[in-house]
Amino acid sequence: MKVLVATSKPFAKVAVDGIRDIIEKAGFELALLEKYTEKSALLEAAADADAMIIRSDVIDNEVFDAAKKLKIVVRAGAGYDNVDLASATAHGVCVMNTPGQNANAVAELVFGMLVYAVRNFYNGTSGSELLGKKIGIHAFGNVGRNVARIAKGFGMDVYAYDAYCPKDVIEAAGVHAVDNVEDMYRTCQVISLHLPATDETKNSIGKKLVSLMPKNSVLVNSARKEIINEVELITLMQKRDDLKFVTDIQPAANGKFAELFADRFFSTPKKMGAQTSEANINAGLAAANQIVGFINDGCTKFMVNR
Ligand code: 3PG
């Protein structure tokens, strides 16, 4: 039984060692494909794999066609928009994620980017503080909940909107649950995005919502670039020189944002939210255990293509 770890952005070594330990103790073999740049390398490595652990690596129909023995793919992380679920199902492959395992890492980076933004990107001018400011969390999943917890430590007033999470769950976390998303954008100087990229959410964050934000607001994205309507956001930021946008996922028009809004825009060169050894260990080991549970016991907890 061969388990391939295919990560163009590798895990920390300590996480790979932990994955190897779990896989080898189960009597399976571990293969490692790290930092690959060509898809052909992925296709070649996947050809004899029974199971795969991936991150944001794109697993499309071509990969499923090439991986004739594949039974399970575990996305070590939350978002699985990089996996073609229909093709997986058609090929009889189980797809799982590891929800929550890297959520704290992403949430901490949100505050790293936020402090950087409100302190004017450390340019020496007088900035502002987060204490007492209102933060709106758009989607209250695992990352959103961690953002709420940390925001309270900063003394922020925390709001959340989630179309799929009951209000009482949000309120039980000590967070104001808002009835409609517009109200949250109207109220909060900081909006933190935690939406998955789906047909419903793609391009949904644009003029209609962001234009409602109060003066001197910050939009922070640690989710997916596809949820932002970039054309509308650029136009809006051109009209409103008080708006800042910080993101852990480079927009498609990253160069344009950087050129037009040098003092109001920041993007990490590579998605860094989950790039901590702790998150790598949490998500990587969970992925390895889920593979062993699936192969040995048929456990399908966390399967996302039912
Ligand atoms: C996720 O969906 O879990 C995060 O976006 C992390 O992605 P990464 O594993 O590519 O860093």
Side-chain angles (χ1 to χ4, degrees), residues 3-16 18-19 32-37 39 42 51-60 63 73-85 88 95-113 137-147 150 162 164 192-198 200-202 205 220-228 246-252 254 267-291 301-305:
V3 180
L4 171 68
V5 176
T7 47
S8 63
K9 182 175 60 184
F11 290 121
K13 184 182 177 300
V14 61
V16 177
I19 292 170
L32 209 50
L33 175 70
E34 291 182 321
K35 290 189 191 167
Y36 64 94
T37 49
K39 188 175 183 186
L42 176 63
M52 280 172 76
I53 296 175
I54 56 153
R55 296 184 64 179
S56 289
D57 308 80
V58 175
I59 307 300
D60 59 13
V63 180
V73 174
V74 183
R75 192 280 190 243
Y80 44 86
D81 47 310
N82 48 318
V83 182
D84 184 337
L85 294 189
V95 181
M96 295 184 186
N97 65 348
T98 64
Q101 300 290 352
N102 58 23
N104 178 66
V106 178
E108 286 190 11
L109 188 75
V110 165
F111 286 88
M113 292 194 293
I137 298 172
H138 196 161
F140 203 62
N142 290 305
V143 182
R145 287 162 211 225
N146 276 280
V147 168
I150 299 169
D162 190 315
Y164 299 98
S192 189
L193 300 171
H194 304 291
L195 298 154
T198 64
E200 189 189 353
T201 64
K202 280 179 187 163
I205 309 300
V220 53
N221 187 15
S222 59
R224 290 291 181 272
K225 71 174 181 218
E226 291 83 359
I227 64 176
I228 304 266
V246 287
T247 179
D248 186 32
I249 318 95
Q250 294 209 337
N254 191 67
S267 65
T268 52
K270 206 170 218 180
K271 189 162 57 136
M272 291 300 296
Q275 199 60 327
T276 65
S277 51
E278 292 90 339
N280 290 171
I281 291 168
N282 292 342
L285 271 54
N289 281 320
Q290 286 171 218
I291 286 173
K301 195 174 174 193
F302 304 123
M303 182 170 174
V304 293
N305 62 329

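Counting starts at 1 for both ligands and their atoms, in listed order. Values below: every heavy atom of this structure, side chains too, minus hydrogens, waters and symmetry copies.
Taking a heavy-atom cut-off of under 4.0 Å, ligand 1 is surrounded by K9, R55, S56, R75, G77, A78, G79, N102, R224, K271, A274.
Considering only residues two or more places apart in sequence or on other chains, T276 meets the side chain to side chain contact (heavy atoms under 4.5 Å, CB included) condition with A105, E278, A279. With sequence neighbours excluded, the residues satisfying ring pair (Phe, Tyr, Trp, His ring centres under 6.0 Å) with H138 are Y161, Y185. Applying the side chain to side chain contact (heavy atoms under 4.5 Å, CB included) test to V304 and every residue at least two apart in sequence or in another chain returns Y80, L85, V95, N97.
Here the straight-line distance linking atom OG1 of T201 with atom CD1 of I228 works out to 10.5 Å at 0.5 Å rounding. In this structure, NZ on K225 lies 10.0 Å from OG1 on T247, to the nearest 0.5 angstrom.
Between the side chains of D248 and T268, at least one donor N or O sits under 3.5 Å from an acceptor N or O.
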